Amino acid sequence: MPVITEIEDLKRIYKRRVPKMFYDYAESGSWTEQTFRENSSDFDLLKLRQRIAMDMDNRSTKTTMVGQEVAMPVALAPVGLTGMQHADGEIKAARAAEKFGVPFTLSTMSICSIEDVAAHTETPFWFQVYTLKDDDFMKRLFDRAKEAKCSALVITVDLQLLGQRHRDLKNGLSAPPKLTPASIANMMTKVQWGLGMLGTKRRFFGNIVGHAKGVTDPSSLSSWTAEAFDQSLDWERIKQFRSWWDGPVILKGILDPEDAKMALNVGADAIVCSNHGGRQLDGALSSIRMLPQIMDAVGDKIEVHLDSGIRSGQDVLKAVALGARGTMIGRAWTYGLGAMGEAGVTRALEVIHKELDLSMGLCGRRSVEDLDASNLLIPEDFATRWKASA
Ligand code: GLV
C-alpha cells in the first residue's frame, strides 16, 4: 500500500484510477465553483490556538450524534453514484464506517440499494432522501429504510432544483456510463476499475430503477431530478415527511439562520449547516462562515452538524470548536473509495482521526466534548463580514 498521510494523497490516486466522468462528478461545484473553493479555503482563515503544559494524556474523540455513539464527530455524508467510483462502493464504504464506529449515510442516488447495504452490514446506517413529488415512492423509500433498520433519516432540503455543474453536462454523466468514443478511450486506461465493474451486477441506481414510476431516463441524474423533485416544496411538506419517520430526522442543507429557526418548528432532531459542497447555489457563503450565525440562531435548541469543505481533522476541530456537534465528510471518503475501495475509506477515516486527535492535544484539550471557541483564533469579522440586510 502506498504511504498515505493526508486526504490529498488519496485524491491523487483516486484521480488516476477512476474514469474522468465520475471523478469530475465528485470534484465539481456549480457554475464558477466559487462556493466549492471557499468551503475549504475559509477553514484556513480560522487558526488553532496552541497551548502547552496542559494534560494531553488519554485523549478521546468519542462523542454522540443524534444520540448515537460515534468514534469521532464525523459521519459519512450521502454521496450519489459511489457505486460507480468503485464496484459495490456503498457496501464497501458502509463496512469501513461500521468498523471505524462512525455513521454511514446511504444516498437515495446510490448504486447499491438500501436492502443490499443492509444485507452486507451489521450496524444500522443512516438513509438520505430528497424532497420528491411522488408520495407513493417517498413512502416506499421510508418503509424500505425502516425495514432495513436505518437509525436516522437525513432529508436533503437544498435540492429542489439541481445546480448546474458544467463538467457533468460536458461528460454526459450517467450510471452506467454511456459508451462514447471519449468515455471508452478514458475507461480503457482504468483497468482495475473496469475489472471491478465487470465483476459486479450493481451498475444502476439501485433505489430508483424498478421502484420509481415514470422515469424517462433511469441512468440520468439530471433528468430524474428535473422530473421528480418538488420545486414547490414548503415547510408543511417537510413537516409531513418528518411525521412519516419515527426515529431521528436530520435536515441537511440549511445555510441561513431564518431557515434554521423554521427547522425547529418541524421537529427535526438535527440540522446540517451545508451548501451541498458548493454544488447548488454558486455564490453562497461557505458553510463554516455561516456556522456562527446558525449557532446564534438555534445552537442552544437543536443539534447542529456541519458539512461542505472538510478535508482534515483540523477542519473537524474548527467546526466542533465553533459549536457543531458533528460533521459530515463527502469528498474525503469518496477519494478514499475511488483510490482503494474499503481500505481507502478506512484510510481516509484514520487520517482525519489522527489529525483531529493530535491537533486537539496540541490545543490543550483531551476530549472533543471540551472543544470550544477558546481553542481558536478567529478573525474579528469572520462571522459578520457578510450579513443579510433583513
Ligand atoms: C446530488 O445530491 C448531487 O449533488 O449530485
Side-chain angles (χ1 to χ4, degrees), residues 18-37 39-40 75-85 89-90 93 104-112 114 126-133 137-138 141 153-175 177 204-208 212 215 217-231 233 241 250-255 272-282 284 286-287 305 307-310 328-335 337-338:
V18 173
K20 181 175 182 307
M21 176 186 296
F22 301 117
Y23 172 84
D24 281 353
Y25 168 70
E27 201 49 22
S28 54
S30 54
W31 305 118
T32 70
E33 304 193 330
Q34 179 192 15
T35 301
F36 167 53
R37 287 189 299 276
N39 274 336
S40 294
L76 272 62
V79 181
L81 277 82
T82 40
M84 283 288 131
Q85 305 287 4
E90 291 88 4
F104 170 74
T105 316
L106 183 71
S107 164
T108 291
M109 224 93 89
S110 58
I111 302 299
C112 305
I114 311 174
W126 296 354
F127 184 64
Q128 173 267 347
V129 289
Y130 296 99
T131 49
L132 308 176
K133 286 186 282 201
F137 179 56
M138 282 299 271
L141 273 182
L153 187 78
V154 177
I155 308 181
T156 296
V157 288
D158 60 0
L159 212 142
Q160 281 164 261
L161 305 166
L162 186 71
Q164 178 169 313
R165 302 112 193 214
H166 300 313
R167 279 179 270 183
D168 291 351
L169 296 176
K170 289 178 173 130
N171 291 330
L173 175 74
S174 68
F204 300 88
F205 289 111
N207 294 322
I208 300 167
V215 183
D217 178 0
S219 69
S220 163
L221 181 86
S222 53
S223 79
W224 186 61
T225 43
E227 281 162 11
F229 286 48
D230 185 3
Q231 296 191 14
L233 179 78
F241 293 142
I250 303 167
L251 296 186
K252 176 170 174 290
I254 306 259
L255 197 66
V272 188
C273 173
S274 167
N275 54 37
H276 211 103
R279 301 163 70 76
Q280 287 294 97
L281 179 64
D282 184 42
S286 64
S287 304
H305 304 168
D307 142 297
S308 304
I310 293 194
M328 280 189 158
I329 53 168
R331 293 187 179 89
W333 75 260
T334 305
Y335 302 158
L337 179 72

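One-based numbering, in listed order, for ligands and for the atoms of each. In this text, all values refer to a predicted model and were calculated from it rather than measured experimentally. All residue numbers refer to positions in the sequence shown, counting from 1.
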| query | With a cut-off of 6.0 Å (strictly less than), are more than 12 heavy atoms of other residues, nucleotides or ligands near NZ of K170? | reply | no
**Asked** Are the side chain of E90 and the backbone of T82 linked by a donor-acceptor contact shorter than 3.5 Å?
**Response** yes
Sequence neighbours excluded, the answer for side-chain contact (heavy atoms from CB on, under 4.5 Å) partners of A26 is Y14, Q85, T334
Applying salt bridge (Lys or Arg N to Asp or Glu O under 4.0 Å) to D24 and not counting sequence neighbours gives K20, R167
Contacts of R331 meeting side chain to side chain donor-acceptor pair (under 3.5 Å) (sequence neighbours excluded), chain-then-number -> none
Exercise. Return the orientation label for the Y130 and F229 ring planes: parallel under 30°, perpendicular over 60°, tilted otherwise.
Key: tilted
List of N/O pairs, ligand 1 versus protein, all under 3.5 Å?
residue	atom	partner	partner atom	Å
ligand 1	2 (O)	Y130	OH	2.8
ligand 1	2 (O)	H276	NE2	2.9
ligand 1	4 (O)	R165	NH1	3.2
ligand 1	4 (O)	R165	NH2	3.0
ligand 1	4 (O)	H276	NE2	2.8
ligand 1	4 (O)	R279	NE	2.8
ligand 1	5 (O)	Y25	OH	2.7
ligand 1	5 (O)	R165	NH1	2.6
ligand 1	5 (O)	R279	NH2	3.0

